[in-house]
Chemist: 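I'd like to ask some things about the structure below.
Each chain gets a letter, A, B and so on, in the order the sequences are listed, and its residues count up from 1.
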Amino acid sequence: MTTPQLDKVYDPKAVEARWSQIWNERGYFHASPTHPGQPYCIVIPPPNVTGSLHVGHALNHSIQDILIRWRRMQGHNVLWLPGTDHAGIATQNVVEKQIVAEGVSRESLGRERFIERVWQWKATSGDTIIRQQKRLGESCDWDRLRFTMDEGLSKAVREVFVRLYEDRLIYRGERLINWCPRCLTALSDIEVEHENIKGKLYSIDYPLEQDPTIRLPVATTRPETMFGDTAVAVHPEDPRYNRLIGQRVQLPLTNRTIPIVGDAILVDREFGTGAVKITPAHDFNDFDAGERHGLPSLPVFDRQALLDRQGLKIAGVDQAVIDVVAALPAIKARPKIQELLKDRALLTKVDDHPMAIGKCYRCKTVVEPYLSPQWFVKIKPLAEPAIQAVEDGRIRIIPEGWTNNYLGWMREIKDWCISRQIWWGHQIPAWYCRHCNKDLIIEDAAASASAAQSPRLTILQGATPIVGKTAPSICPRCAGQQFMQEPDVLDTWFSSALWPFSTLGWPEQTPELKTYYPTSTLVTGLDILFFWVARMIMMGLKFMGDVPFRDVYIHALVRDAEGQKMSKSKGNVIDPLHVMEQFGTDALRFTLASMASPGRDIKLAEERIEGYRNFANKIWNAARFCLMHLDGPRTATAPAERTFPDRWILSRLNQTVQLVTSELEAYRFDRAANALYQFIWHEYCDWYLELIKPTLQNPASPYAPGTRQTLVETLETTMRLLHPFMPFLTEEIWHTLPHQGESIVVQRFPIPDATWAAPEMGQRFALLEQTIGLVRTSRILLNYPPGQQITFYVAHNDPQQQDHLDPLRSYFAHLGRGTVNLASTTHWPTGNLLRLVMEGLSVGIAVAGDVDLNNALDRLIKQQSEQTKEIERLEGKLRNQEFAAKAPAEVITDHQERLTNLRRDQTMLASSEQQLRTMLGT
RNA sequence: GGGCGGAUAGCUCAGUUGGGAGAGCGCUGCCCUUACAAGGCAGAGGUCACAGGUUCGAUCCCUGUUCCGCCUACCA
């Protein structure tokens, strides 16, 4: 037979591109409800269509691909469904930047043409990340690629919206929401990131209307909002102030007076001055307090969070003050207001005060509470079943430590603001009759204070929406036929929430939906547990009547080698594409898998990836070794008939198959990867391949056919075991080995084979390993020159040792460096023989020539003292009566055995020392 | 403020029923031995954060402390 030749060094580039193409061409990844096998389905967390593959994706996708390839090989009917997310705000920002660079503003382009631009952009560069995913070897069913704004998904979105509206779970209301003054849109609560900063607490005196000499000191961190105050609150049981309740104070810098109210919820008597200003239009607490006391809201910021001239005027602010602060952002207005108050001797104190501010998760601008009409999902009724599903185990969160996080958040959940004042996204399917609502629809181009502001369309609170899957043709109230659609679009996460069923065809009852829903596992990072996972659970239960997935596997965040979050601005980003180019895709995948231990972030350093590149190369060379030794007959005798090294490696292989399988079942990718690494490198390569060389190189050996068989059988099985982790390398090698079938992708995953099991081989191997180790150590510490022949004697009072000496003897003969002779412990040859001891084994070395006996003596003495310490420790323990009485029997036996061995070693060490000293003449 | 996680070799981390402290990388020494120098062999290196407690015995269980990280939060 002709033996295929492999290059000395593995070159991933050539191999990866080739297989990636073949796999896709042959349709191995294509799923069908009619395929046999138990369904196993993963829907990918759709990456932003704007995106390119970062290392977080690489981890997330590698894990999914491991699961998918593993289950496919196990014979499941596998579907890994890919797709991308339209990512409303993010994408709009990207395209907007582009057109601004061309000198065009979004507003001047207009809504329709802008959206066209985004689609264009998506068509040209939206599949970047898809190409990169293929590069990573992801075995998705690319024929089923979905996009959160494609037609089917849009249909699902409208269906869900309408049904939730009809169930009164969606409503429109004017409430205080989080507003990003840069993106000019509402945000949901979780789209706000909190950051701790050093702020100040200002104490401002509000003079009493009745008697301006009496002043109520009010504490605030944001003096610039004071113009919107509509009351001051004190604690009703605070003896300092409670008699003032019902009176009015003069609001400084304005012509207004505002009431003093008592409010036990808002006011903490211990904090600040004990008196709080109430600004319902600009603070969430104050908004609630305002509702409790029936106070009006006076907005004084515009939507860019600049102090609004018109608003200030309405709020009765002194004209001189308006002239100073109008159109300033809060951060600039604050010192000016501080000055004005100081001039009037009303600012009494400024203290340092740690506080938290909210920032937009997309653009990091400080968000502002903003009063506006928005659409909300009433969330409690949806959250209840979603809590239950996790509590009763229908959904399992892994690692389970995150379960409480999930439950805690779900129990505290607040209504979800789903409307966004942007253009790119699913436009809300609600229409307003122009006739009925003519006073409530304001098309306002003139209100723009600056050029940056667009002419805007506002639909005031109180307008009557008509919600439906399509535009209405006639108004049910006035029979009008002119409508305008709600300009707002839905939160991106609204469509993402439907992903597990919308991608399978819902609302149609497709065979896919029937076969693959509920999906099997969701693989995701913690950062989108609430954004996405929780909402999928709620929507899945509501619209499918069943959970969207069984297991949620939450993986770590990838950080840089110093533990910093990777970000472009810090310049510490590890680019997976660059890494794949440099070290190979398999090395990257294996690295990420091996570091994916639960509950810990991954600190990724390139050296680590390099290490696994070396691992890939090691495997490559093991395969070369195999191929070089394949010529000649192979017979597949029963494992029990084969030689000791063969039986040993098969039994270790068997254990590794078991271990890798059980670790994958437990989502312990790190341990599965480490088990593979350990087995392949340190057992198969370091020991097995070395031990069988004498057999393979001896043409007369009767064992050669069995060993050749074991050699290739083990490697072939190992390739299948490793394939989910390193798909390219294993495919390439598998094809060079004798094999049946056209691709490793569709081979069966190894299953444990009872005929391979031979646990007793483990003990025998340990003995062999120790003997060889001792021989090697002896050689080193005697400084035997390399290449010089050396004669070892190994004691064989134990029949098992006799057995393992054959491979030992041929091993050393093979190395051409030494010979191994047998000796009975009672019959050591005489002469310059140095005996060395380890763990009950005794090896003798016939000392000849120029060797370093002093080094050996030092080492011997050190070993003796270490052993003495250990003996004393064990003796003391065994003498302890309570230990004898309470410790388990096997622990005691174990200790006694160890002690016996140590004592025997000690005796032999002592005689070695004697001999050495004699030889040295000391 | 509340909750969770972490602290083990120079670095990154394993260590699941409490009984001799491990791996990878790095480091030191020797070796280009016909699979692999992206390699082989041998070795150095750790009062398992600190203080108590439970136990015959604690890296492991409990309590407290310190430091770090994350999530969450309307103390103005």
Chemist: Which base sits across from B/rC50 as a Watson-Crick or G-U pair, both distances under 3.5 Å?
Modeler: B/rG64
Chemist: Centroid-to-centroid, A/F669 to A/H555, below 6.0 Å?
Modeler: no
Chemist: Considering every strand and a 4.0 Å limit on heavy-atom distances, what is the contact class for A/E870: base, sugar-phosphate, or nothing?
Modeler: sugar-phosphate
Chemist: Identify whether any heavy atom of A/L529 sits under 4.0 Å from a base atom; if not, whether one sits that close to sugar-phosphate; answer base, sugar-phosphate or nothing.
Modeler: nothing
Chemist: RNA chain B: A/Q678 or A/V192, which has the more 5' nearest nucleotide?
Modeler: A/Q678
Chemist: Rounding to an integer number of Å, can you tell me how far A/R608 CZ sits from B/rG24 P?
Modeler: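 Spelled out: CZ on A/R608 to P on B/rG24 is 10 Å.
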Chemist: Now, which nucleotide makes the Watson-Crick or G-U wobble pair with B/rU17, with each of the two distances under 3.5 Å?
Modeler: none
Chemist: Whom does B/rC70 pair with, Watson-Crick or G-U wobble, provided both distances fall under 3.5 Å?
Modeler: B/rG3
Chemist: Can you tell me, in whole Å, how much space there is between the C1' of B/rU12 and that of B/rG6?
Modeler: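 Result for the C1' pair: 14 Å, nearest Å.
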Chemist: What's the CH2-P distance between A/W409 and B/rU72, to the nearest Å?
Modeler: 9 Å
Chemist: Does B/rA23 pair with anything, Watson-Crick or G-U wobble, both distances under 3.5 Å, and if so, with which nucleotide?
Modeler: B/rU12
Chemist: At under 4.0 Å between heavy atoms, what does A/P888 touch on the DNA or RNA strands: base, sugar-phosphate, or nothing?
Modeler: base
Chemist: Work out which heavy atom in A/V660 is nearest to a heavy atom in A/A672; give both atom names and the distance.
Modeler: CG2-O, 3.9 Å
Chemist: Quantified in whole Å, what is the C1' atom distance between nucleotide B/rU54 and nucleotide B/rU63?
Modeler: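 One C1' to the other, the span is 11 Å.
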Chemist: Using atom P in both nucleotides, what's the gap between B/rG15 and B/rU8 to the nearest angstrom?
Modeler: 14 Å
Chemist: Select from A/N674 and A/K877 the residue whose nearest nucleotide in RNA chain B is closer to the 5' end of that strand.
Modeler: A/N674
Chemist: Look at all strands and tell whether A/N880 reaches a base, only sugar-phosphate, or nothing, counting heavy atoms closer than 4.0 Å.
Modeler: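 Sugar-phosphate only.
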Chemist: Could you tell me the Watson-Crick or G-U partner of B/rC30, where both distances fall under 3.5 Å? Say none if there is no partner.
Modeler: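 By the stated definition (distances under 3.5 Å), B/rG40 pairs with B/rC30.
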Chemist: Check every atom of B/rG40, B/rG20, B/rC13 against the side chain of A/S597 and return the nucleotide holding the closest atom.
Modeler: B/rC13
Chemist: Rounded to the Å, how far apart are A/H235 NE2 and B/rC75 P?
Modeler: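 About 18 Å, once rounded to whole Å.
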Chemist: Counting side-chain heavy atoms from C-beta on, which of B/rG29, B/rA35, B/rA14 comes nearest to A/I780?
Modeler: B/rG29
Chemist: Out of B/rG24, B/rA76, B/rA42, which nucleotide sits closest to the side chain of A/R776?
Modeler: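 In terms of side-chain proximity for A/R776, the closest of B/rG24, B/rA76, B/rA42 is B/rA42.
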Chemist: Please report, rounded to the nearest Å, how far the P atom of B/rA14 is from the CZ atom of A/R668.
Modeler: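 Going from A/R668 (CZ) to B/rA14 (P), I get 8 Å.
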Chemist: Heavy atoms under 4.0 Å, any strand shown: does A/R859 hit a base, just sugar-phosphate, or nothing?
Modeler: sugar-phosphate
Chemist: To the nearest Å, give me how far apart CG (A/D686) and C1' (B/rA35) are.
Modeler: 12 Å
Chemist: Can you tell which of B/rC56, B/rG40, B/rG24 lies closest to the side chain of A/F883?
Modeler: B/rC56
Chemist: Considering only side-chain heavy atoms of A/R613, which listed nucleotide, B/rA38, B/rG43, B/rA35, is closest?
Modeler: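 Among B/rA38, B/rG43, B/rA35, the one nearest the side chain of A/R613 is B/rA38.
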Chemist: Picking from B/rC36, B/rU12, B/rA76, which would you name as closest to the side chain of A/M355?
Modeler: B/rA76
Chemist: What's the OH-P distance between A/Y684 and B/rA35, to the nearest Å?
Modeler: 13 Å
Chemist: Do you know the tightest heavy-atom contact between A/Y202 and A/T221?
Modeler: CE1-O, 3.9 Å
Chemist: Testing the basics here: between A/P280 and A/G290, what is the closest heavy-atom pair and its distance to 0.1 Å?
Modeler: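 Between these two residues, the closest heavy atoms are CG-CA, 4.3 Å.
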Chemist: What integer number of Å spans the P atoms of B/rG20 and B/rG5?
Modeler: 28 Å
Chemist: What's the CD-C1' distance between A/E890 and B/rG20, to the nearest Å?
Modeler: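 Taking CD of A/E890 and C1' of B/rG20, I get 15 Å after rounding.
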Chemist: Looking for any heavy atom pair under 4.0 Å, which part of the strands does A/Y612 touch: base, sugar-phosphate only, or nothing?
Modeler: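 Contact class for A/Y612: none.
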Chemist: Whole angstroms only, please: what is the NZ-P distance between A/K869 and B/rA21?
Modeler: 12 Å
Chemist: If you only use heavy atoms from C-beta on, which nucleotide in B/rA38, B/rC71, B/rG39 is closest to the side chain of A/N405?
Modeler: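 Out of B/rA38, B/rC71, B/rG39, the nucleotide with an atom closest to A/N405's side chain is B/rC71.
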Chemist: The side chain of A/K886 is closest to which nucleotide in this list: B/rA35, B/rA76, B/rU55?
Modeler: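 Closest of the options to the side chain of A/K886: B/rU55.
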Chemist: Side-chain N or O of A/N614 less than 4.0 angstrom from OP1 or OP2 on B/rG39?
Modeler: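 For A/N614, the contact criterion (side-chain N or O under 4.0 Å from OP1 or OP2 of B/rG39) is met.
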Chemist: Do A/H353 and A/F271 make the cut of ring centroids closer than 6.0 angstrom?
Modeler: yes
Chemist: How is A/C685 classified with respect to the nucleic acid when contacts are heavy atoms under 4.0 Å: base, sugar-phosphate, or nothing?
Modeler: base
Chemist: How would you label the contact of A/K200 with the nucleic acid (heavy atoms, under 4.0 Å): base, sugar-phosphate, or nothing?
Modeler: nothing
Chemist: Base, sugar-phosphate, or nothing for A/K8, non-hydrogen atoms under 4.0 angstrom?
Modeler: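 Result for A/K8 = sugar-phosphate.
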Chemist: Show your working on ring pair (Phe, Tyr, Trp, His ring centres under 6.0 Å) between A/Y677 and A/Y612 and close with a plain yes or no.
Modeler: CA-CA 9 Å; A/Y677 186 92; A/Y612 288 115; 5.5 Å; yes
Chemist: What's the gap between B/rG64 and B/rC74 when it is taken at their P atoms, as a whole Å value?
Modeler: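 The answer is 27 Å between these two P atoms.
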Chemist: Which one, B/rA76, B/rA35, B/rC56, comes nearest to the side chain of A/L689?
Modeler: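 Closest nucleotide among those given: B/rA35.
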Chemist: Remember a base hit wins even if backbone is also touched, and classify A/N196 as base, sugar-phosphate or nothing at under 4.0 Å, heavy atoms.
Modeler: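 If one applies the 4.0 Å heavy-atom cut-off, A/N196 turns out to touch a base.
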Chemist: In whole Å, what separates the C1' atom of B/rG22 from that of B/rA14?
Modeler: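 Taking atom C1' in both B/rG22 and B/rA14, they lie 7 Å apart.
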Chemist: Select one nucleotide: of B/rA35, B/rG24, B/rC74, the one nearest the side-chain heavy atoms of A/K414.
Modeler: B/rC74
Chemist: Using a 4.0 Å heavy-atom cut-off across all strands, classify A/H282 as base, sugar-phosphate, or nothing.
Modeler: nothing
Chemist: What are the two closest non-hydrogen atoms of A/F728 and A/V15, and how far apart are they?
Modeler: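 The answer is O-CG1, 3.9 Å.
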Chemist: Looking for any heavy atom pair under 4.0 Å, which part of the strands does A/G274 touch: base, sugar-phosphate only, or nothing?
Modeler: base
Chemist: For a side chain to side chain contact (heavy atoms under 4.5 Å, CB included) check, start with the C-alpha distance between A/R222 and A/T279, then their side-chain angles and the critical distance, and finish with the verdict.
Modeler: CA-CA 10 Å; A/R222 303 197 55 196; A/T279 322; over 6 Å; no
Chemist: Expressed as a whole number of Å, how far does the P atom of B/rC25 sit from that of B/rC62?
Modeler: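 The same atom, P, in both gives a distance of 35 Å.
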Chemist: What about the rings of A/F725 and A/F615, do their centers lie closer together than 6.0 Å?
Modeler: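 No.
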Chemist: Please report the C-alpha distance between A/Q582 and A/R613 in whole Å, then the side-chain angles of each, then the deciding distance to 0.1 Å, and finally whether the side chain to side chain contact (heavy atoms under 4.5 Å, CB included) criterion is met.
Modeler: CA-CA 9 Å; A/Q582 196 178 358; A/R613 186 271 313 262; over 6 Å; no
Chemist: For A/V218, answer base if it contacts any base atom (sugar-phosphate contacts may also be present), sugar-phosphate if it contacts only those atoms, and nothing otherwise; contact means non-hydrogen atoms under 4.0 Å.
Modeler: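 It contacts nothing in the nucleic acid.
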Chemist: Under 4.0 Å, heavy atoms only, any strand: does A/F530 hit a base, just the sugar-phosphate, or nothing?
Modeler: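 The answer is sugar-phosphate, as A/F530 gets under 4.0 Å only of primed atoms, P, OP1 or OP2.
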Chemist: Please give the distance between the P atoms of B/rU59 and B/rA51 as a whole number of Å.
Modeler: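 Each nucleotide's P atom is 13 Å from the other's.
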